[in-house]
Amino acid sequence: MICLFAVSLHGCDDNDSALLEQLDGCISHSAEFDSMKMERIDSLARMLDVTNNPKKEFELNRQIFLEYRSFVCDSALRYINANIAQAREANDDYWLAVSLIEKADLVAKAGIFTEALKILSAIDSRSLPEDVKDNYYQVCGTTYQYMAEYAEGSEYIADYQAKITAYRDSILSMPHLDRFIYETEYGSRLIERGQHDEAIDFFVERMDNYHAATREYSVIASLIAYVYSLNGDVAKQEYYLVQSAISDIKGSVKENLALRSLAELRFENDDVSHAYFYLRKSMEDANYYSARMRKNQSANALPLVTSAYEAKQKQMQTQLKLLIVVISALVAGLVVAVIFIIKQLRTVSSSLRLVSITKDKLIKLNEELRQTNATLTATNTALTESSRIKEEYTGKFMELSSNYISTLEQYRKMLYQQAASGRIEELHKSLRSTSIINDTLKGFYHTFDTAFLNIFPDFVARFNELFPEDDRIQLKEYEMLNTELRVFALIRLGITDSAKIASFLRCSITTIYTYRSKRKKRALNPADFDDNVMKIASF
């Protein structure tokens with residue numbers, strides 16, 4: 001079953017995300033709605049088992065049929081056939097006509113158009129009671145509507161559309177109409193005539209007449225979405241498709257169109273994850289209902305969406321592997337740096353001992369000694385700074401690397417457990433999520449900022465002194481460094497290659513060049529800007 005998407009959704013703004021999360025929550029509970037539907041059916045079936053009244057039996061059969069009508073086609077067919085047989089046995093023309101019309105509607109939904117038309121042609125519409133004719137005409141029209149959907153792009157569409165219009169005119173010419181039939185047919189006529197705004201107003205005013213989780217509510221919402229699609233208003237189209245889909249799920253309507261249409265819309269918006277899962281849910285519902293037409297429609301779109309979804313999963317896996325490689329390279333680089341610094345410290349230590357031994361011999365060279373001492377002082381400062389950098393970054397990044405290894409191991413175990421236990425949907429959700437990458441990068445940059453400011457606590461203030469007041473960087477309350485400051489922090493640490501800086505900060509080389517050139521132009525002393533950055537003192 002499709003799970004709730006709890007993190008940010010690719011291709012969705014905040015309003016879209018909230019709307020889709022509402023739908024995802026309903027989908028995650030669809031089994032519960034189906035269970036409630038079956039409880040109602042079981043209750044009616046128990047009443048049917050104990051009744052001896054033919055009229056009551058017919059009514060209960062029909063109630064069960066209506067529950068199954070958009071839920072399970074085969075079961076609905078069994079109960080409507082029982083009513084047809086009973087009506088014929090009782091020689092009841094009225095209930096026979098009602099039952100035949102309902103059967104025709106059912107088999108048309110299932111995509112068996114020839115049988116639907118055969119049933120409808122066998123009914124003498126002229127002898128039908130007035131309160132049945134509107135339903136008869138509507139079923140005739142919807143049958144040709146389904147046929148038009150199935151034959152989209154063929155030479156038969158014009159003929160089907162003409163029949164749909166003719167039956168709609170017949171319905172609207174009748175004095176006594178079922179309210180829902182009238183509303184759908186009248187609104188459809190407005191759409192057919194291009195009166196889109198009037199159709200929207202008409203349908204929206206009537207949505208309150210029906211409860212969510214009913215077929216009527218779903219149909220009205222779906223029609224409004226269709227009109228907005230004709231107007232090119234994608235946001236409103238998606239809103240009403242979601243309302244229709246939620247109503248279908250809560251009402252256990254398996255013969256549905258909204259979820260598949262929403263999947264296609266999300267795919268067009270590059271939201272592959274939702275498109276894939278909505279289409280899978282639509283396929284599951286079509287298979288459950290045994291609707292050949294809906295299965296074919298969903299199956300036609302599934303390969304393209306599946307291909308895009310799998311490509312996205314592979315991209316996420318590639319990014320994860322790349323992150324592991326980068327972390328491993330950083331750890332290896334730190335180890336090499338530590339070894340180099342230790343060797344340098346040993347060399348310096350030996351030099352200091354040699355200076356102490358030869359001190360008396362250098363008294364006559366006092367002036368040279370002062371110059372040598374000045375050089376040594378600068379070297380000691382650099383070495384102290386290098387030592388501080390070594391201590392700060394070695395400790396921080398060894399700890400960070402250990403934490404990353406533990407995190408990756410926990411993530412691997414979680415994925416293994418999900419795969420081993422067959423929780424494929426949860427596995428898909430875990431692989432789809434970028435939270436581990438985002439959290440890892442956030443922690444990595446936080447650690448870098450902390451370590452750098454421990455070494456260069458006045459870096460931001462000293463850096464801002466290189467610019468006029470209006471060009472100084474103002475950090476937000478929660479920021480230690482921002483991306484621009486990190487560029488020059490890396491330069492201060494001796495990393496001047498723009499490609500390496502771009503790789504470290506996960507942005508383009510062009511962005512790094514832009515930061516460096518713009519800052520240099522704005523500096524109080526552009527010619528010495530790079531040297532002045534390197535002169536910012538530590539601790």
Side-chain angles (χ1 to χ4, degrees), residues 66 69-70 97-98 100-109 113 116-117 119-121 123-126 128-152 156-212 214-231 237 240-241 243-244 247-248 251 253 255-258 261 293:
L66 293 176
R69 181 171 57 179
S70 298
V98 169
L100 287 172
I101 293 169
E102 289 176 339
K103 180 177 180 179
D105 185 43
L106 179 67
V107 296
K109 283 187 175 72
F113 306 127
L117 293 175
I119 295 171
L120 292 170
S121 63
I123 299 172
D124 183 3
S125 60
R126 293 169 299 181
L128 288 174
E130 289 298 316
D131 61 340
V132 178
K133 276 187 179 181
D134 54 356
N135 191 29
Y136 171 79
Y137 289 138
Q138 188 185 49
V139 171
C140 290
T142 54
T143 299
Y144 282 106
Q145 182 66 52
Y146 293 141
M147 293 170 68
E149 286 184 40
Y150 196 82
E152 185 177 0
Y156 305 107
I157 294 296
D159 183 50
Y160 293 157
Q161 191 60 51
K163 287 184 170 62
I164 294 168
T165 301
Y167 283 119
R168 179 172 296 130
D169 291 341
S170 296
I171 292 172
L172 295 178
S173 66
M174 297 177 64
H176 303 291
L177 289 174
D178 176 278
R179 182 179 70 178
F180 176 69
I181 293 176
Y182 167 77
E183 290 172 351
T184 54
E185 296 300 331
Y186 181 79
S188 297
R189 172 183 278 181
L190 293 176
I191 298 171
E192 189 178 47
R193 292 177 174 177
Q195 297 173 267
H196 296 168
D197 292 340
E198 292 87 343
I200 290 171
D201 293 340
F202 179 80
F203 283 132
V204 169
E205 287 176 4
R206 281 149 183 82
M207 278 193 75
D208 292 337
N209 294 338
Y210 305 100
H211 296 292
T214 63
R215 175 177 169 272
E216 289 78 9
Y217 184 94
S218 300
V219 170
I220 295 293
S222 184
L223 284 169
I224 297 173
Y226 173 67
V227 184
Y228 275 119
S229 73
L230 297 177
N231 287 349
Q237 177 192 3
Y240 284 101
L241 280 176
Q243 301 309 313
S244 180
S247 177
D248 283 338
V253 176
E255 195 284 313
N256 58 62
L257 179 62
S261 300
M293 183 175 69

Legend entry - Close side-chain approach of Asp105 and Lys109, heavy atoms under 4.5 Å: yes
Inset, instruction - Measure from the side-chain N and O atoms of Ser244 to the backbone N and O of Tyr240, and report whether any donor-acceptor pair falls under 3.5 Å. - result: no
Legend entry - Distance in Å, Asn209 CG paired with Glu216 CD, rounded so as to fall on 0.5 Å steps: 11.0 Å
Inset, instruction - Give the minimum heavy-atom separation between Ala151 and Ile157, together with the two atoms involved. - result: O-CD1, 3.3 Å
Inset, instruction - Could you tell me which non-hydrogen atom of Phe203 sits nearest to which non-hydrogen atom of Ser188, and how far apart they are? - result: CZ-N, 4.0 Å
Legend entry - Parallel, tilted or perpendicular: rings of Phe113 and Tyr150 (30°, 60°): perpendicular
Inset, instruction - Considering only NZ, NE, NH1 and NH2 on the basic side and carboxylate oxygens on the acidic side, decide whether Glu192 and Arg168 come within less than 4.0 Å. - result: yes
Legend entry - Reported CE-to-CG distance for the pair Met207 and Leu223, which is rounded to 0.5 angstrom: 10.5 Å
Legend entry - Spatial distance of atom OG1 (Thr184) from atom CZ (Phe202) [nearest 0.5 Å]: 8.5 Å
Inset, instruction - Mind checking ring pair (Phe, Tyr, Trp, His ring centres under 6.0 Å) for Tyr137 and listing every partner two or more places apart, or none if nothing turns up? - result: none
Inset, instruction - Heavy atoms only: give me the nearest Thr214-Ser247 pair and the separation to one decimal. - result: O-OG, 3.2 Å
Inset, instruction - For the pair Ser222 (side chain) and Ser218 (backbone), establish whether a donor and an acceptor sit closer than 3.5 Å, ignoring hydrogens and angles. - result: no
Inset, instruction - Kindly compute the distance separating CE (Met174) from CG (Asp131), expressed to the nearest 0.5 Å. - result: 8.5 Å
Inset, instruction - Grab the two heavy atoms, one from Lys133 and one from Ser125, that are nearest each other, plus how far apart they are. - result: CE-O, 3.1 Å
Inset, instruction - Answer whether the closest heavy-atom distance between the side chains of Asp169 and Arg189 falls below 4.5 Å. - result: yes
Inset, instruction - Considering non-hydrogen atoms only, spot the tightest contact between Gly141 and Ile164 and give its length. - result: O-CG1, 3.6 Å
Legend entry - Counterpart residues, ring pair (Phe, Tyr, Trp, His ring centres under 6.0 Å), relative to Phe180 (two or more places apart): Tyr210
Legend entry - From CG (Asp201) to CD (Gln195), nearest 0.5 Å: 11.5 Å
Inset, instruction - Check whether any side-chain heavy atom of Thr143 sits under 4.5 Å from a side-chain heavy atom of Lys163, and report yes or no. - result: no
Inset, instruction - Decide yes or no for Asn231 and Asp197: does some side-chain heavy atom of the first lie under 4.5 Å from some side-chain heavy atom of the second? - result: yes
Inset, instruction - Using the test ring pair (Phe, Tyr, Trp, His ring centres under 6.0 Å), find all partners of Tyr226 that sit at least two apart in sequence or belong to another chain. - result: none
Inset, instruction - Examine distances only and state if a side-chain atom of Tyr144 and a backbone atom of Thr165 form a donor-acceptor pair shorter than 3.5 Å. - result: no
Legend entry - CG-CE distance between Leu117 and Met147, expressed to the nearest 0.5 angstrom: 5.0 Å
Inset, instruction - Report yes if the side chains of Leu190 and Val227 come closer than 4.5 Å at any heavy-atom pair, otherwise no. - result: no
